[in-house]
Amino acid sequence: MRTINQITLKTAVVFPFVLIFLFAIGIIVIVQKNNYETMVSDVSTKQLSTMTSNVNLELRNFLNRPFQASLQLSHTLGFNQFYRKDNTQDIEKYLISGFRNLYREIPQIDAIGFGGINGEYVGFRKELNDRYTLMLQDDRTRNQLVIYRGDEVNDDIRSLVPEYDPRTRPWYVPVAQTERPMWSSIYANVDERQDITLSALNPVFQDQRFVGVMVTDVKIDTFSAFLREKQKETNALIYLFDPKHRLIAQSSTGSIVSWGTQYSDKGERLLLTENSNPVIRKSAQQIMQTDLPKPGDVDQFTFLLDEERYFNRVTPYIDQYGLKWYIGVVIPEGDLLGELARSQRDSWVIGLCVSLLGILVGLIAFNKVTAPITSTATAARNLAKGDWESQMPKPGHIYETTMLVHAFTEMANNLKATFKALRSQLLYDSLTKLYSREGLIDTCDNLRKLNGCLFLIGINKFRDINDSLGHYKGDQLLVIISERLKALFEKDAYIARIGGDEFAIYVDNPAIKIEASLMANRIQKMFASPFSMQQENVVVNVSVGIVAEGSPSNMTLWLRNGSIALSNAKQEPTKISYYKPEMADLSRRKTQMQAKIKDALENEEFVPYYQPIVDLKTGRVVGAEALARWHSNQGVIPPLEFISIAEESGLIAPIGKQILTKACSDTVKGMQQGKWESDFNLHVNLSVDQLSMPDFIDTLKHVLTRTGLQPENLTLEITESRIVDNDPIIVKNMQSIRELNVHIAIDDFGTGYSSLAYLHKLPFNCLKIDRTFVNKLNDKELDNSVVAAIINMTKGMNVNLVAEGIETEKQAEMLVELNCPLGQGFLYSRPMPYEEWPTQFVNTD
């Protein structure tokens, strides 16, 4: 409340300075007046020209990225012939892959889609949570547009658009008529958001026939965001408009779409004269009075608004794909910068001398005025350091500083309350009300000593439960689990949810270490009882990691060890594992090995070794199997030491590609040098990770083209146990491999679970009999052996047979007696580098 002895801060501080500076500025203005207008005119022309050129260039780059993305997408769709009538599955997979992997980092792209000549539509829209929404219309949606809540077909539908025909949309019609790439007109989408959009349009041709339109949407809002970023750099107001004087984007806040006026319908873009920004409205009045500039020309003018002079420049923006816009740049006189002429220097010296006297007087007054402000800043600094008990500032005799002190005190009290609420959110899980990971660490680290036992509980395959029940029921299941855990551990226990499907229980009782196994079994029995979820019963299996020893004061270390034990428990039959120090060493070694494998890939240290495949009757070498070896600085590392780690870490695919490329190159070189005959057959192992990649066929084609190896000289070996799941991508890729005339061999045959009927469905040329069956061969039961059964079973299948692991002459003779045509093993040769392969391999007969 203002009292009689208080004056305003503006009066106390600004008034003396205003008087002094007005006097000084008056002198300066007299000196500068003759040169000022010339200087401002020169600076405005140069600065507006530079700003317009920069906006023009960056706008062109801004638009070019989504348009080039659309061009590339349309070309790839046509080149790979993804379009099929009423079936957009291949296009759907390609678009989501491209959106995620190639064009995710182009923020101006809001959506990509494809409309087919038969009315199909598939597209993906980027959401604020960095996820994607699938928009689909084909036979799967009964030819109505379905917008899903997610990036794949599911039961969670966001909205339906009945009777939607993409061929009538403004992004389809012009391209269908001209069959040329272009920008669309600005239009509103038909989805539930109805965003105002500009689209990059490209025709898609398949076998030189127009099959649809590739569309890449750029929300108009992104143009305004782009211009706002430019305004931060220049302080200039920037706006775009079309030849009809309708606003496209602006750097100031405010909508560009009408919500109903006497001039525009609801949802239509505003005219420049309808803009909420008075500067743009005033500019529009000037623009409307003259013809718009032609390409190569500019229109520059000035106007007064609220006693401020503004400099305006309008320049045409022409795009090769049909855009014809205009760029407007407005900058107030006060923001223009330029060097002052030498003639101004004298006036500044005079003004400076006068101002110094005023500053000296003002500082004395200002020091007294700002004392409360200084004390407030000191108190704020103490609060920032966490000192919530610091002394609050005292109000002075000035109205504004009194208001500031009262407001600061109230704000400090609010901050204390907010800090307590935030700390509660940090320490407790919002879903289960248990401790969070941070809460468990904070609470347990404050205990006198950590001398109890930690149990980490992981729900096995919780993602499958979430997918089947839905995320809401999945969350409810977690709440029920937390209640059971609290009922099981009533005393001396700190229970936390430390991850999406992981719980931690620290029992602060040294005696629990003796009963840790019993307690782990009780936990598993608790989960053995089905969980009732409304009308469904859910069975949950868990793994338990136990830590009985650790740092006496560091719960973070306990949790790390528990995580290692839990990972090990998931591999154990009992699903229970105690932490041991060597587990950390093993985990560390795996991490180090992964890093070494990555370095080895970059240095191309993985090379193939070749083991010959021979005709068992004649001893003639007909081919070889390429086996991966690692040539490191420490020597040759055998596969057993790195293959399993590479498979776990997803690095097996690049290793396989490196081996395949090198082996194909060696084979071509071997044929040219006379080491191997022209019908030499190269066998290369193919991992399931490689075979399940949608782009594997493209990779295989590239390798064959790059190395020059004929497809019929290559056989890809696939382990039987890895293909029994009948993965559609694997089966499709196997079909594509056969269509390339590349052979397929089923490796380790007999150790998997393939039925004969299932084998008949697979496109393969060769079966490799596993070494375990060859080792069991004996004269007395030769006809009843597994090898004999395999040979008899495959007589009518028209495939080659290769027996693996032949180590003795006796085994070779028995295989010949059973009519097995080919074999390989240490009897003939161990795997060897290409350089050590003899020019003429010696017949062992």
Side-chain angles (χ1 to χ4, degrees), residues 426-429 432 434-460 462 478 481-482 484-528 540-595 644-645 648:
L426 178 66
L427 298 182
Y428 295 94
D429 177 50
T432 62
L434 301 174
Y435 283 116
S436 66
R437 182 185 185 90
E438 293 77 9
L440 180 66
I441 293 172
D442 184 78
T443 303
C444 292
D445 284 351
N446 288 326
L447 296 177
R448 184 172 56 184
K449 187 177 182 181
L450 298 179
N451 193 28
C453 190
L454 177 69
F455 300 87
L456 246 69
I457 303 169
I459 302 174
N460 299 332
F462 184 71
L478 293 173
I481 290 173
S482 68
R484 286 196 185 182
L485 290 174
K486 286 190 283 188
L488 184 62
F489 294 87
E490 297 181 355
K491 298 180 179 178
D492 300 324
Y494 298 88
I495 307 175
R497 179 184 175 217
I498 62 172
D501 57 358
E502 291 185 6
F503 293 86
I505 303 167
Y506 176 71
V507 181
D508 189 24
N509 185 351
I512 195 66
K513 298 178 183 180
I514 303 174
E515 304 176 354
S517 295
L518 179 62
M519 183 58 68
N521 288 326
R522 289 179 62 189
I523 292 172
Q524 288 189 325
K525 288 180 180 179
M526 182 201 81
F527 281 94
V540 176
N541 296 315
V542 298
S543 301
V544 182
I546 305 172
V547 183
E549 298 290 341
S551 169
S553 61
N554 189 341
M555 177 52 66
T556 301
L557 185 59
W558 282 66
L559 288 173
R560 189 210 70 176
N561 295 343
S563 179
I564 295 173
L566 179 59
S567 297
N568 191 67
K570 293 180 179 180
Q571 312 300 324
E572 295 290 335
T574 62
K575 301 301 180 184
I576 297 175
S577 175
Y578 279 85
Y579 170 76
K580 299 177 183 177
E582 54 265 29
M583 290 181 180
D585 294 336
L586 180 60
S587 176
R588 192 178 303 109
R589 283 197 298 270
K590 282 186 176 180
T591 303
Q592 292 172 350
M593 180 61 79
Q594 289 176 12
S644 60
I645 297 176
E648 290 177 11

Any non-hydrogen side-chain atom of I546 less than 4.5 Å from a side-chain atom of S577?
no

Out of curiosity, L440 CG to L559 CG, how far, rounded to the nearest 0.5 Å?
5.5 Å

Checking N509 now: which residues fulfil side-chain hydrogen bond (donor to acceptor under 3.5 Å, both in side chains) with it, not counting sequence neighbours?
none

What is the minimum heavy-atom distance between Y578 and A516, and which atoms define it?
OH-CB, 3.1 Å

Sorted by chain and residue number, the side chain to side chain contact (heavy atoms under 4.5 Å, CB included) partners of L488 (sequence neighbours excluded) come out as R522, I523, M526

Y494: what forms a ring pair (Phe, Tyr, Trp, His ring centres under 6.0 Å) with it, not counting sequence neighbours?
none

Just distance, no hydrogens or angles: give the donor-acceptor pairs under 3.5 Å from side chains in residues 496-504, sequence neighbours left out.
unit_1: R497; atom_1: NE; unit_2: G499; atom_2: O; d: 3.2
unit_1: R497; atom_1: NH1; unit_2: D429; atom_2: OD1; d: 3.3
unit_1: R497; atom_1: NH1; unit_2: D429; atom_2: OD2; d: 3.3
unit_1: R497; atom_1: NH2; unit_2: G500; atom_2: O; d: 3.2

Tell me the closest heavy-atom pair linking A548 and C453, and the distance in Å.
CA-SG, 4.3 Å

For the CG atom on L557, are there more than 12 heavy atoms of other groups (residues, nucleotides or ligands in this structure) within a distance under 6.0 Å?
yes

What closest approach, in Å, do M555 and L450 show between heavy atoms, and which atom pair accounts for it?
N-CD1, 3.7 Å

So D442 and L427, do their side chains get closer than 4.5 Å, heavy atoms only?
yes

Gap between atom OH of Y579 and atom CD of E549 - 0.5 Å precision:
11.5 Å

Backbone N/O of K570 and side chain of K575: donor-acceptor pair under 3.5 Å:
yes

With rounding to the nearest 0.5 angstrom, report the SG to CG distance, C444 to L454.
8.0 Å

Can you name the side-chain hydrogen bond (donor to acceptor under 3.5 Å, both in side chains) partners of N451, sequence neighbours left out?
K513

My understanding is that only residues two or more places apart in sequence, or in another chain, count here; which of them pass ring pair (Phe, Tyr, Trp, His ring centres under 6.0 Å) with F489?
none

Between I512 and M519, is there a side-chain heavy-atom distance shorter than 4.5 Å?
yes

Using 0.5 Å steps for rounding, measure from the OG atom of S543 to the CZ atom of F527.
10.5 Å

When you check the side-chain N and O atoms of Y506 and T443, is any donor under 3.5 Å from an acceptor?
no

V544 vs L456 side-chain heavy atoms within contact, under 4.5 Å:
no

L434 and Y428, any side-chain heavy atoms less than 4.5 Å apart
no

If you measure from CD1 on I576 to OG on S517, what distance do you get to the nearest 0.5 Å?
7.0 Å

Taking side chain as C-beta onward, heavy atoms only, is I495 less than 4.5 Å from Y435?
no

Taking the side chain as every heavy atom from C-beta outward, state whether I459 and L478 have any atom pair closer than 4.5 Å.
yes

